[in-house]
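Notes for the one structure printed next.
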Amino acid sequence: MKKTLRFSLAATLTMMVAGCSIPGTPWGEQEEKHVVSKISLQEAAEKADTIMLDTISSVQPHLNWVHYAPTESGCGDYTVDGKKTGAATRRAAVTTIVSEERRGNLLGVLERLWRKRGYEITGTNPSKETPAIFARTPEEFRMSVKVGAKGQFFFSLATPCFTESEVAPPKTEANGTPFEGPKVPAPSVHSDFWSATTPIPSTSPAP
């Protein structure tokens with residue numbers, strides 16, 4: 001089912017020159033391209049979930065993570081066949097403890113992974129305390145990974161504008177402990193690799 005969704009979306013997305021910005025995303029200052037498509041916002045959200053799962057599950061050694069705070073927003077006056085459109089944002093937080101010594105390594109792994117997938121790196125924040133990477137897919141799905149308090153990694157993935165529909169919570173399975181309430185659990189899962197407080201030896205292969 002996931003493969004079918006991925007291929008059908010790639011085949012039917014067509015970009016226009018006119019643009020709009022998606023409210024509530026870190027790319028509000030950039031132009032967001034409209035998408036002419038019969039695909040519903042629910043299908044687009046499922047595509048975003050697939051990208052998110054692929055990104056996090058591809059990291060080795062594995063990371064523990066949880067979904068949190070999925071949202072939807074309208075796209076103003078932009079319509080497809082007279083129907084209102086909206087955008088969905090999916091979010092995930094890593095609950096593995098990533099030491100200060102290994103955070104740069106994990107960011108490097110994620111940047112190489114996105115480039116390998118054919119995604120464009122649209123920006124970076126080189127801040128020592130809160131570094132971040134921003135990227136987008138050829139279909140204009142836009143994502144970011146940011147390091148926040150306690151070195152916690154946060155992922156955000158926003159869809160372009162699609163025909164509005166009811167949007168269900170993510171169905172992709174996270175491997176972290178489910179939680180309730182607005183507060184995202186702090187990193188608490190130890191990893192022999194990612195939590196190590198020593199730099200990666202130069203002779204070690206990149207994860």
Report the residues that fulfil side-chain contact (heavy atoms from CB on, under 4.5 Å) with Thr71, sequence neighbours left out, ordered by chain and then residue number. Thr89, Arg91
Test Val94 against Phe155 for side chain to side chain contact (heavy atoms under 4.5 Å, CB included), laying out the working first. CA-CA 8 Å; Val94 173; Phe155 291 87; 3.7 Å; yes
Would you say the side-chain atoms of Gln42 and Ser40 include a donor-acceptor pair closer than 3.5 Å?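 The criterion, which ignores hydrogens and geometry beyond distance, is not satisfied for Ser40 and Gln42.
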Is a donor from one side chain sitting under 3.5 angstrom from an acceptor on the other, for Ser191 and Arg102?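 The criterion, which ignores hydrogens and geometry beyond distance, is not satisfied for Arg102 and Ser191.
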Output for pair (Thr55 OG1, Leu53 CG), nearest 0.5 Å, gives 8.5 Å
Could you tell me whether a side-chain N or O of [X] sits under 3.5 Å from a main-chain N or O of [Y], the two making a donor and an acceptor?
| X | Y | result |
| --- | --- | --- |
| Ser99 | Ala196 | yes |
| Ser127 | Glu129 | yes |
| Thr159 | Ala88 | yes |

Residues in side-chain hydrogen bond (donor to acceptor under 3.5 Å, both in side chains) with Ser57, at least two apart? none
Show every donor-acceptor pair shorter than 3.5 Å between a side-chain atom in residues 175-185 and any protein atom, with sequence neighbours excluded, or say none if there are none.
{"from": "Asn175", "atom 1": "OD1", "to": "Trp65", "atom 2": "N", "distance (Å)": "2.9"}
{"from": "Asn175", "atom 1": "ND2", "to": "Leu63", "atom 2": "O", "distance (Å)": "3.0"}

Member of Lys47, Met52, His67 meeting the side-chain contact (heavy atoms from CB on, under 4.5 Å) criterion with Arg90: Met52
Look at atom NE2 of His190 and say whether more than 12 heavy atoms of other residues, nucleotides or ligands are closer to it than 6.0 Å. yes
